[in-house]
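Here's the structure we're looking at; comments come further down.
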Amino acid sequence: MIGIYKGKIPKIYIALILLIIVVAIGVLGFRFFSDYSWVDALYMTVITLSTVGFGEVAPLDDNAKLFTVFLISTSVAIFAYSVSVITEYIVSKNDPRRVQYRKIQKMIHKIEDHIIIIGYGRNGRQAAAKLLAYNKPFIIIEKDEEVIERYQDEKLFFLKGNATEDDVLIKAGVKKAVCLICTLPEDADNLFIVLSARQINKKLKIISRASQDASYKKIRLAGADNVIMPDRIGGDHMASLVVVPDLIEFLDNLSIVGRKSINIEEISFEDMFDDKKDRTIRTIDMRSRTGCTIIGYKSPEGEYIVNPEADTLLRPGSKVVVLGRPEQINLLNKEFDI
């Protein structure tokens, strides 16, 4: 949870420096005024600063007494401050929030090719659930601390902050990310974040939510690769249940979440083959080998073909969409070592 502990590291250094200075003054003072050994001078300094009430190593003369008064009057506050800061720092190392903060920081420094989810509302939770099902690495940026405390667990990594600020996006590793999913309810916020993220990372794939028709084109112009309008999708889906109910119910029964239960899968050429040799759908013989059927093809240029012919050429950079029962999909993954 970024931002909670800002400024504490400088405080610990200041406290240690002040403590070292005070101890050094005390040791040198007792060594000079009372001719103590270095060990005795250190001992007198410690019992004086800590006010434990132990007796002197040897009787003090007037100069040594005046120095002791000076040392106590000028250093008691510094000593108390240093001890409190050091104690607070040690205790904070075991604070669950601090531990989670360090865990997130370590992950951000190491993670690459990850996804960033902006906001953990209804759409953000759905996106996170899908990414978890496919074991995709992701970080969630959320500014509401109550939401973070409610949903934080070992599987979800939250970065506390406002994603409209460039520094927060950079802390989330936007420069190394492959995708950003913006799910905030306000179109203006989504527009600003899309614009900022696109400027920071030109290659980033950006998917954004939009609530208003007027915002759709603006968010696309700002740099979003895809803009989703949940309300429009929901209304279209409900109307389709009236017009073609059996078809929609069939599609609803197709599972694309969870490796053990999916019925439809998208597979890239590189996932299936290590070399870069062209092949046709007929030559890979996927139907007889796995039972799965290729129902869609996307060329390297981005052209989509529904129900492609057997002679369709599979080239590096292309993708196929396959349909099958869960056990057939699992066999496909084993057969092609996906």
Side-chain angles (χ1 to χ4, degrees), residues 111-117 123 126-138 155 176-181 202-207 224-228 233 236-237 240-241 243-338:
I111 195 171
E112 292 183 354
D113 300 333
H114 61 290
I115 298 101
I116 300 173
I117 299 177
N123 297 126
Q126 292 174 345
K130 179 67 67 66
L131 295 176
L132 280 174
Y134 278 82
N135 295 319
K136 296 292 185 180
F138 64 93
K155 295 181 179 179
K176 300 182 292 182
V178 295
C179 182
L180 181 142
I181 301 175
K202 301 293 185 182
K203 297 181 180 180
L204 183 69
K205 180 177 178 63
I206 301 177
I207 303 169
D225 298 284
N226 301 97
V227 180
I228 308 300
I233 293 174
D236 181 79
H237 188 83
S240 297
L241 285 170
V243 180
V244 283
D246 295 333
L247 173 60
I248 299 301
E249 287 184 8
F250 173 77
L251 294 176
D252 286 343
N253 286 324
L254 292 178
S255 174
I256 58 174
V257 179
R259 287 291 182 182
K260 295 182 179 179
S261 61
I262 58 176
N263 301 110
I264 190 167
E265 179 72 291
E266 173 190 277
I267 305 174
S268 67
F269 182 95
E270 288 70 21
D271 286 338
M272 293 186 290
F273 311 110
D274 294 330
D275 57 45
K276 295 186 177 181
K277 296 180 180 179
D278 295 348
R279 296 166 171 83
T280 64
I281 292 178
R282 177 180 285 107
T283 57
I284 65 174
D285 199 19
M286 185 178 292
R287 175 69 180 178
S288 62
R289 292 170 63 184
T290 67
C292 295
T293 301
I294 297 178
I295 62 172
Y297 170 78
K298 181 181 179 181
S299 70
E301 295 76 29
E303 179 186 1
Y304 287 91
I305 301 176
V306 177
N307 193 24
E309 301 292 338
D311 293 330
T312 301
L313 193 64
L314 303 181
R315 296 178 288 146
S318 64
K319 295 181 180 180
V320 294
V321 178
V322 300
L323 179 68
R325 295 190 301 274
E327 63 271 18
Q328 293 172 331
I329 297 292
N330 291 332
L331 178 60
L332 167 67
N333 291 331
K334 293 179 181 179
E335 183 74 18
F336 289 92
D337 194 22
I338 298 174

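In this chain, numbering begins with 1 at the start of the sequence shown. Small disclaimer: the values here were computed from a predicted structure and weren't measured.
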**Study point:** K319/E266 ion pair, N-O < 4.0 Å
**Key:** yes
Hits for side-chain hydrogen bond (donor to acceptor under 3.5 Å, both in side chains) against N226, two or more places apart or cross-chain, chain-then-number order -> K205
For E301, the side-chain hydrogen bond (donor to acceptor under 3.5 Å, both in side chains) test, sequence neighbours excluded, returns S299, R315
Please report the interatomic distance [atom1]([X]) to [atom2]([Y]), rounded to the nearest 0.5 Å.
X: H114; Y: K176; atom1: NE2; atom2: NZ; result: 7.0 Å
X: I206; Y: D225; atom1: CD1; atom2: CG; result: 6.5 Å
X: N123; Y: I207; atom1: CG; atom2: CD1; result: 12.0 Å
X: R287; Y: T293; atom1: CZ; atom2: OG1; result: 3.5 Å

- request: Count the heavy atoms of every other residue, nucleotide or ligand shown that sit under 6.0 Å from CG of D274, and state whether that count exceeds 12.
  value: no
**Prompt:** Between I284 and I294, does a side-chain contact (heavy atoms from CB on, under 4.5 Å) hold up when you go through it step by step?
**Reply:** CA-CA 11 Å; I284 65 174; I294 297 178; 4.1 Å; yes
What heavy-atom pair brings [X] and [Y] nearest, and what distance separates the two atoms?
X: I267; Y: D271; result: CG2-CB, 3.9 Å
X: C292; Y: Q328; result: SG-O, 3.4 Å
X: C179; Y: L204; result: N-CD1, 3.4 Å
X: P137; Y: D113; result: CG-O, 4.1 Å
X: V322; Y: M286; result: CG1-SD, 3.4 Å
X: K276; Y: F269; result: CA-CE2, 4.2 Å

Q. Can you check whether D236's main-chain N or O pairs, donor with acceptor, with S240's side chain at less than 3.5 Å?
A. yes
Decide yes or no for [X] and [Y]: does some side-chain heavy atom of the first lie under 4.5 Å from some side-chain heavy atom of the second?
X: I115; Y: L131; result: yes
X: I329; Y: P326; result: no
X: V321; Y: I264; result: yes
X: I181; Y: F138; result: no
X: K298; Y: S318; result: no
X: L314; Y: D278; result: no

One pair to check against side-chain contact (heavy atoms from CB on, under 4.5 Å): I233 and I228. What are the steps and the verdict?
CA-CA 8 Å; I233 293 174; I228 308 300; 3.4 Å; yes
Contacts satisfying salt bridge (Lys or Arg N to Asp or Glu O under 4.0 Å) that involve residues 328-338 (not counting sequence neighbours) are R289-E335
Per side-chain contact (heavy atoms from CB on, under 4.5 Å), E309 is matched among N307, I305, T312 by T312
